[in-house]
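Below is one structure; the comments refer to it alone.
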Amino acid sequence: MIRFRFSEVLNGKNIPLHTPKRVVLLPLTLFLIVLPLSLMIYSHESSLQISSLNGSNITEAKQCEIVSGKWIHYPEGPYYNETCHWMIDAQNCMKLGRPDREYLHWRWKPDECELPLFNATQFLKLVSGKKMAFVGDSVARNQMQSLLCLLNLVSQPEDISLRNTTDTINFKRYFYADYNFTLGTLWSPYLVRGNDADPNGHRSYDSIMRLYLDEVDEAWASQVENFDIVIISAGQWFFRPLLLYEKGQLVGCNNCKVENVTDLGYYYGYSMAFRTAFRNLTNLRRYKGITFLRTFSPSHFENGDWNKGGNCVRTKPFTKEEIKLDYWYVREMHRIQVEEFKAAEKEATKRGLKFLMINTTEIMLLRPDGHPNNYGHSNDKNIVTPNDCVHWCLPGPIDTWNEFLLYMLNIEAHTSTWKL
């Protein structure tokens with residue numbers, strides 16, 4: 001079984017996704033009237049109690065592209081702090097001494113609407129009686145830990161992981177008794193079956209792996225039928241050296257440097273893995289859940305590769321102008337996911353299943369300040385570890401993913417024939 005490694009890191013330069021047009025500025029008078037009102041809306045904890053969408057607001061919400069917008073300065077700060085015990089030290093940047101706090105004071109503002117603040121009570125009511133799973137790598141687990149801390153505002157779950165597995169690091173389950181809601185993570189960094197090509201296992205961050213691109217990873221596939229809401233994601237592990245198999249035969253590799261084996265690059269294996277994962281979900285007889293694809297989460301290594309001193313020391317978001325010529329691989333990873341998702345969505349619709357996309361790639365490309373960097377490992381370790389520019393600080397910009405998730409669940413609950 002593939003275990004968690006810090007090697008979900010990579011080097012590379014990237015190009016931003018297409019960014020939306022700037023919103024035309026309002027007249028100065030109107031701006032001076034609206035701005036204080038909007039700040040008042042966000043200024044108190046009581047503003048978390050935002051009512052459910054209803055009536056004409058639903059139509060407006062469905063027309064709003066929440067991913068088109070910008071990060072705006074938000075003086076009120078995060079929902080929670082370093083005392084939330086559901087996060088691990090590796091993402092608890094404040095606890096491990098990150099001195100700046102500017103990264104905590106930005107909030108995503110869509111161009112066409114307001115993104116409601118996260119309402120923990122509303123979320124739990126929406127998912128009452130359901131089971132939700134995050135399927136993927138440690139960034140998927142990063143999002144789940146964000147959600148645990150957001151829900152911690154109103155309810156404490158029981159850790160029931162041991163009732164379901166002996167691997168309580170990679171497979172976690174939490175139960176909210178008051179709402180009969182189960183939240184879990186199913187570890188599968190490649191989504192398809194994989195194993196070590198090196199008989200000695202992971203000897204380094206660059207140890208080669210075998211991936212069987214047409215065989216789903218049963219570690220998650222055998223359990224997913226029991227869940228009503230599945231958020232699937234994967235990314236950084238596909239940049240490792242990989243031997244790629246289909247129908248049991250070696251068809252190529254990624255960065256394997258093996259004689260007489262064709263290097264197919266990063267993207268072939270990534271595309272096929274999502275194709276297999278989506279096909280599995282649409283073909284499962286007893287699976288009736290709603291599936292979310294959470295799109296690729298970019299890393300932000302600068303000043304060197306991840307294993308050659310690369311870091312992420314910025315303290316503010318990028319402007320869209322600052323990333324015009326960087327990060328080319330992000331566009332391709334995102335494009336591949338979208339193409340595979342659209343094909344799967346058509347098939348899912350035929351079978352009466354619901355597939356939705358939480359499109360977070362572009363908004364996170366703008367947040368190089370949100371990673372742990374060297375504040376992502378315990379201070380008592382006497383070994384040198386690479387800077388972490390892959391995962392996200394908690395609290396931090398990753399909390400926005402769960403604001404998006406709540407927003408979309410709320411709309412589905414009120415407007416769709418598919419019912420939560």
Side-chain angles (χ1 to χ4, degrees), residues 8-26 31 35 65-75 77-78 91 93 98-112 115 139 142 235-236 239 266 294-338 358-376 386-401 403-404:
E8 293 171 281
V9 291
L10 65 150
N11 56 17
K13 297 182 179 259
N14 20 43
I15 292 175
L17 306 175
H18 178 69
T19 53
K21 295 180 180 180
R22 293 177 179 273
V23 180
V24 178
L25 294 175
L26 295 173
F31 175 82
L35 179 60
E65 293 291 339
I66 58 174
V67 298
S68 297
K70 60 185 176 182
W71 291 99
I72 62 171
H73 195 259
Y74 181 61
Q91 280 95 56
C93 302
R98 179 167 174 169
D100 68 289
R101 294 290 184 269
E102 181 71 10
Y103 73 100
L104 297 171
H105 294 282
W106 296 90
R107 190 161 191 272
W108 183 251
K109 172 62 177 72
D111 293 330
E112 301 174 355
L115 178 64
V139 180
N142 201 176
Q236 307 293 355
F239 294 92
Y266 303 136
R294 195 268 298 150
T295 62
F296 182 74
S297 175
S299 63
H300 291 91
F301 288 95
E302 299 183 77
N303 308 310
D305 298 344
W306 68 267
N307 57 349
K308 297 179 181 178
N311 58 22
C312 40
V313 298
R314 295 179 185 263
T315 58
K316 293 182 179 180
F318 279 137
T319 65
K320 290 176 181 177
E321 290 73 22
E322 287 179 301
I323 56 171
K324 281 182 179 177
L325 299 177
D326 295 329
Y327 301 99
W328 59 267
Y329 78 97
V330 174
R331 168 177 284 176
E332 284 303 298
M333 299 295 275
H334 181 264
R335 179 188 62 79
I336 287 167
Q337 282 187 313
V338 171
I358 307 175
N359 197 344
T360 57
T361 302
E362 182 180 355
I363 77 166
M364 301 308 282
L365 187 59
L366 297 169
R367 293 305 306 271
D369 57 318
H371 300 288
N373 194 36
N374 61 322
Y375 300 103
N387 295 318
D388 185 354
C389 303
V390 170
H391 303 94
W392 301 92
C393 290
L394 292 177
I398 193 173
D399 295 322
T400 303
W401 300 2
E403 291 178 332
F404 279 19

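Fair warning: this is a prediction, and the values are worked out from it, not measured in the lab.
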A side-chain contact here means heavy atoms from C-beta on lying under 4.5 Å apart; do [X] and [Y] qualify?
X    : Y    : result
M333 : F239 : yes
V313 : N374 : no
R367 : Y103 : yes
N142 : Q91  : yes
P372 : C393 : yes
T295 : I358 : no
E322 : R314 : yes
Y329 : S299 : yes

[X] versus [Y], closest heavy-atom pair with distance:
X    : Y    : value
P99  : Y375 : CD-OH, 3.3 Å
E302 : F318 : OE2-CZ, 4.4 Å
C312 : P368 : CB-O, 3.9 Å
D111 : G69  : OD1-CA, 3.3 Å

Atom pair [atom1] ([X]) and [atom2] ([Y]), whose distance is rounded to the nearest 0.5 Å:
X    : Y    : atom1 : atom2 : answer
M364 : T400 : CE    : OG1   : 6.5 Å
D399 : L394 : CG    : CG    : 6.0 Å
L366 : K320 : CG    : NZ    : 6.5 Å
L115 : E403 : CG    : CD    : 5.0 Å

- Measure up the W106 and H73 rings against each other and bin them: parallel (under 30°), tilted (30 to 60°), perpendicular (over 60°).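 If you compare the ring of W106 with that of H73, the planes turn out perpendicular.
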- Item | Cationic tip of R294 above F404 ring, under 6.0 Å, 45° of axis |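 Ring-cation test returns no.
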- Message: Ring centroids only, cut at 6.0 angstrom: are H371 and H300 within range, meaning strictly under it?
- Response: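 H371 vs H300: aromatic centres under 6.0 Å.
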- Query: How about W71 and W108: are their ring centroids closer than 6.0 Å?
  - Reply: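 Yes, the ring centres sit under 6.0 Å apart.
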- Query: Can a donor-acceptor pair be found between the side chains of N373 and N311 at a distance below 3.5 Å?
  - Reply: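 Checked: N373/N311 side chains show no N/O donor-acceptor pair below 3.5 Å.
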- Message: Whether the S297 and W401 side chains hold a donor-acceptor pair (N or O, under 3.5 Å, no angle test) is what I'd like checked.
- Response: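 No pair is found: no donor N or O on one side chain lies under 3.5 Å from an acceptor on the other.
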Test your reading of the model: is there a side-chain donor-acceptor pair from [X] to the backbone of [Y], 3.5 Å cut-off?
X    : Y    : result
T361 : F296 : yes
D305 : K308 : no
R101 : R98  : yes

